[in-house]
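For reference, the structure is listed below as structure tokens.
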Amino acid sequence: MSEIKITLPDGSVKQYEAGTSALQIAQSISEGLARNIIAAKVNGKVVDVTLPILTDADLVLLKWEDKEGKNTFWHSSAHLLAEALEFLYPGVKFGIGPAIDSGFYYDIDFGDHKFTSEDFSKLENKMLELAKSDNKYERKEVSKADATAYFTEKGDQYKLELIQDLNDGEITFYSQGNFTDLCRGPHIPGTGFIKAVKITSLAGAYWRGNEKNKQLTRIYGITFPKKAELDAHILMLEEAKKRDHRVLGKDLEIFCFDDDVGPGLPLWLPKGAAIIERLEEFAKKTEKEAGYVRVKSPHIAKESMYIKSGHLPYYQDSMFPPMELDGTKYYLKPMNCPHHHKIFDATPKSYKDLPVRYAEYGTCYRYEQSGELFGLMRVRSLTMNDAHIYCTKAQFEEEFKAVNNLYLKYFKVFGIEKYVMRFSKHDPKKLGQKYINSPELWKETEDMVRNVLISAGIPYVEVEDEAAFYGPKIDIQIWSAIGREFTLATNQVDFAQAEKFDLSFINEKSEKERPLILHRAPLSTHERFIGFLLEHYAGKFPLWLAPEQLIILPISEKYQEYAENVLKVLKKHDIRALIDDRSEKTGKKIRDAEMKKLPLMLIVGEKEQAENTVSVRKQGGEDLGTMSVEGLTDWINKEIEKQLN
RNA sequence: GCCGUUGUAGCUCAGGGGUAGAGCACUUCCUUGGUAAGGAAGAGGCCAAGGGUUCAAAUCCCUUCAAUGGCUCCA
């Protein structure tokens, strides 16, 4: 028997007989380890622990704590779910059942049976019961003919469809107990590892994600190797819910929706509007320093402009239906670009004028499908931190870099650490349908964008078929504190609209030349950005941004007048302050101020009045001690200075 | 738009075929208290809207609207 060399993650090398499995190797190290491994990574590929290893290999033993371990665990749990379902509802058909970031799902065709959330506990119990019998997951290689025969007999057209796309010789089945599934694997050794099960939700999902296909029932679940971990998970979900921007937005009186106003049309309450004011002040100052000028445009425009821009054929489904006036159709603007192009075109431009940078907080209206609306993250009226840069090809790289620097500056101010730039390209197959039919321009601009990204050393990923119809774009993906991922901002190259609007400037040779256009919106829309910030800060806005910066808490009504004098001085310094004049005890006032997440509390009583000072408590409990009102305003100004730079 | 769930006081929710309940918030009074909940009283609702079943509907059924978890789509 030949020997193989196994290299472990710590670099140590051990010799085993060829055909030894990861499980046996684990056993040779320690029984405890062997009990805990649920999958193995052999030369970078995750496999079953029982799979014989035939050649020299790098080996990582995967436990529940490892990402791939969890993944395998949940994938196996999906099979357990299927087994339980088949037992409870014989004849159900299965789509796919993968692991996801947090748990797993299985797509099921229940036929005529209706599965509801009331059946969850029945399903959970069955799964636990099957888990207890600790059936082994057994791998079997099958021929395409045998695989087809098996699922034909079972009458599962979804699995048959999947098999059709597979090559003979690469098809494997996994069985546990009485259930067999088409599956690439790998799986945990046995169902006994699964000790806690929670079916989390139920949803419709189209077969293969295509709207035209049959809608299957998707069952989501999550499992754990210990009951305590499930409890911790549930607790974590509750914490995340407290941080949800929709919950905080209501609690902190930032925004609301109203049935009479309409879905997706947020109303900003005074505190929300105050945050908007701060953001705009900050953005305007920053943009001014970066050489932008501000413009203003109306919220509607005639149909002819959107025909000219080319938006209508590509975008009409996302626009509010037009209103007709004297035989002319007017649309609510879904974006600001065409208006800005018209502003560019309003006066003749020389190459000496370029780059021209037009900025506007522009309110747009988009008819998002009702099911897509989501708190502040997806709405139908949105105010964008928009700007368009018109430049020459030679200036493009520098402008693009400057925009990127702007992003980085903002990320720093807002403490956004986790982000990825997605470089979205066109799909050549969809030229003329989803994308403007100019193959050479697509190539040229995409190369240009890539070059800038590489030369600036910015981490990015390239994705196909996600560009705007007029050019490639960069989307910035960020993650909110509760792990919600979304596209924050977009940065788009536009080679098409200058042509469509016949935009030009006079170059050095006195000839007309088309500008390149850069669309950018680093602070996204007020809606999405404030939604993000609510979750990011858990409602605890930094001093510069907080709608109310501090609250004065008089110890008793005797110090009310002194509190008012302090307030007057603070207001003179443009500090957003208020007084809690209720006849409550100080402890209660502090608690309420904490709940409202006010950054600072000023406690004033006999001592402060006598010394003409205030006692300052930071949100969260930190005591900043006693200071004069002037000392406090200095401190606040310095703090804000720090936060913004 | 599609599938599932939900809609009761300002908020969080309980109840449930015989004409509405708690806690918090709010108002008033007592209390004047030093770093996360002082006490009492009061006020608050066409039980999302419309239709049906019934002697009787907030409760059962249907429709609509909205929210919500997903799918598809996006800043």
Side-chain angles (χ1 to χ4, degrees), chain A residues 100 105 107 110 114-118 120 200-220 244 246-247 250-251 253 256-264 315 317-318 334-335 364 366-380 382-386 424 466 468 473 475-478 486-492 519-529 531-532 553-560 582-595 601-608 615-624:
Chain A
I100 51 177
Y105 67 78
D107 284 346
F110 276 96
K114 214 166 163 72
F115 183 82
T116 72
S117 48
E118 281 164 26
F120 281 8
T200 48
S201 74
L202 199 60
Y206 301 105
W207 169 236
R208 303 200 132 180
N210 188 331
E211 226 176 335
K212 293 189 181 70
N213 286 341
K214 177 160 181 176
Q215 194 157 40
L216 305 177
T217 304
R218 179 169 293 180
I219 300 177
Y220 286 86
D244 188 306
R246 293 164 297 183
V247 174
K250 188 174 251 176
D251 282 355
E253 302 174 2
C256 69
F257 291 96
D258 185 278
D259 274 3
D260 285 325
V261 177
Y315 215 83
D317 286 350
S318 303
M335 67 279 298
C364 303
R366 297 183 183 176
Y367 189 77
E368 302 288 352
Q369 290 183 54
S370 59
E372 284 156 6
L373 300 174
F374 176 74
L376 283 180
M377 300 301 189
R378 281 292 282 285
V379 291
R380 286 179 175 163
L382 45 137
T383 301
M384 293 176 74
N385 170 234
D386 212 355
S424 303
E466 286 192 12
K473 65 174 180 177
D475 285 330
I476 287 81
Q477 305 287 125
I478 58 172
F486 56 96
T487 304
L488 174 73
T490 184
N491 194 357
Q492 306 176 349
H519 304 239
R520 43 112 281 175
L523 292 183
S524 190
T525 64
H526 282 322
E527 288 72 18
R528 188 168 280 190
F529 199 61
F532 164 76
L553 311 179
I555 296 284
S556 83
E557 279 161 19
K558 282 186 237 157
Y559 314 108
Q560 176 75 15
R582 297 173 304 166
S583 70
E584 293 287 354
K585 286 174 127 174
T586 310
K588 168 78 166 166
K589 291 184 180 182
I590 286 172
R591 181 182 149 83
D592 287 348
E594 287 283 349
M595 306 280 274
M601 289 156 234
L602 307 188
I603 290 123
V604 296
E606 193 179 351
K607 189 176 93 160
E608 288 77 8
S615 287
V616 186
R617 177 196 157 109
K618 261 173 117 171
Q619 205 266 339
E622 193 187 334
D623 188 356
L624 295 183

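Throughout, a chain's letter reflects where its sequence line sits, starting with A, and its residues are numbered from 1. Basis for what follows: all heavy atoms, side chains included, without hydrogens, waters or symmetry-related copies.
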Scoring nucleotides 69-75 of chain B by protein non-hydrogen atoms under 4.0 Å (B base, S sugar-phosphate only, - none) yields BBBBBBB

Using the [atom1] atom as the point on both nucleotides, what is the distance between [M] and [N], in whole Å?
N	M	atom1	answer
A9(B)	G15(B)	C1'	15 Å
A25(B)	G38(B)	P	9 Å
U8(B)	G45(B)	C1'	8 Å
G18(B)	U64(B)	P	28 Å
G34(B)	G69(B)	C1'	47 Å
A20(B)	U53(B)	C1'	23 Å
A57(B)	A48(B)	P	15 Å
A41(B)	G52(B)	C1'	44 Å

If you look at every strand shown and take non-hydrogen atoms under 4.0 Å, does E466(A) touch a base, only sugar-phosphate, or nothing?
nothing

Which part of the nucleic acid does G605(A) contact within heavy-atom distance under 4.0 Å: base, sugar-phosphate only, or nothing?
base

State the [atom1]-[atom2] distance between [X] and [Y], to the nearest 0.5 angstrom.
X	Y	atom1	atom2	result
M377(A)	E527(A)	CE	CD	11.5 Å
I476(A)	R520(A)	CD1	CZ	11.0 Å
I603(A)	R617(A)	CD1	CZ	7.0 Å
M335(A)	Y315(A)	CE	OH	4.5 Å
K588(A)	L553(A)	NZ	CG	13.0 Å
L523(A)	N385(A)	CG	CG	4.0 Å

Is C26(B) in the syn range, within 90° of 0, or in the anti range?
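Anti, which is what one calls it when the glycosidic angle falls more than 90° from 0.
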
Under a 90° cut-off about 0 for the syn range, is G52(B) syn or anti?
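Anti conformation here, the glycosidic angle of G52(B) being more than 90° from 0.
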
For atom [atom1] of [X] and atom [atom2] of [N], their distance in whole Å:
X	N	atom1	atom2	result
M601(A)	U35(B)	CE	C1'	9 Å
R582(A)	A37(B)	CZ	P	13 Å
D258(A)	G10(B)	CG	C1'	14 Å
K589(A)	A25(B)	NZ	P	15 Å
D260(A)	A67(B)	CG	P	13 Å
E584(A)	U27(B)	CD	P	10 Å
K618(A)	U35(B)	NZ	P	20 Å
F120(A)	G4(B)	CZ	C1'	8 Å

Hey, does the side chain of [X] reach the backbone of [Y] with a donor-acceptor pair shorter than 3.5 angstrom?
X	Y	answer
T200(A)	Y220(A)	yes
E594(A)	Q619(A)	no
K589(A)	I555(A)	no

Whenever both distances are under 3.5 Å in a Watson-Crick or G-U wobble pair, mark it; put RNA chain B into dot-bracket that way, with [ ] for crossing pairs and | when the partner is on another strand.
(((((((..((((....[..)))).(((((.......))))).....(((((..]....))))))))))))....

Closest non-hydrogen atom pair, V379(A) against G264(A)
CB-O, 3.3 Å

Contacts of K558(A) and R591(A) projected onto RNA chain B by closest heavy atom; the upstream (5') one is K558(A)

E372(A) versus Q369(A), side-chain donor and acceptor atoms under 3.5 Å:
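On atom types as modelled, these side chains qualify, holding a pair under 3.5 Å.
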
Which nucleotide, C30(B), G34(B), A36(B), lies nearest any side-chain atom of I555(A)?
G34(B)

Suppose we call a contact any N or O donor and acceptor under 3.5 Å apart; does that hold for the side chain of S583(A) and the base of U32(B)?
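No pair found.
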
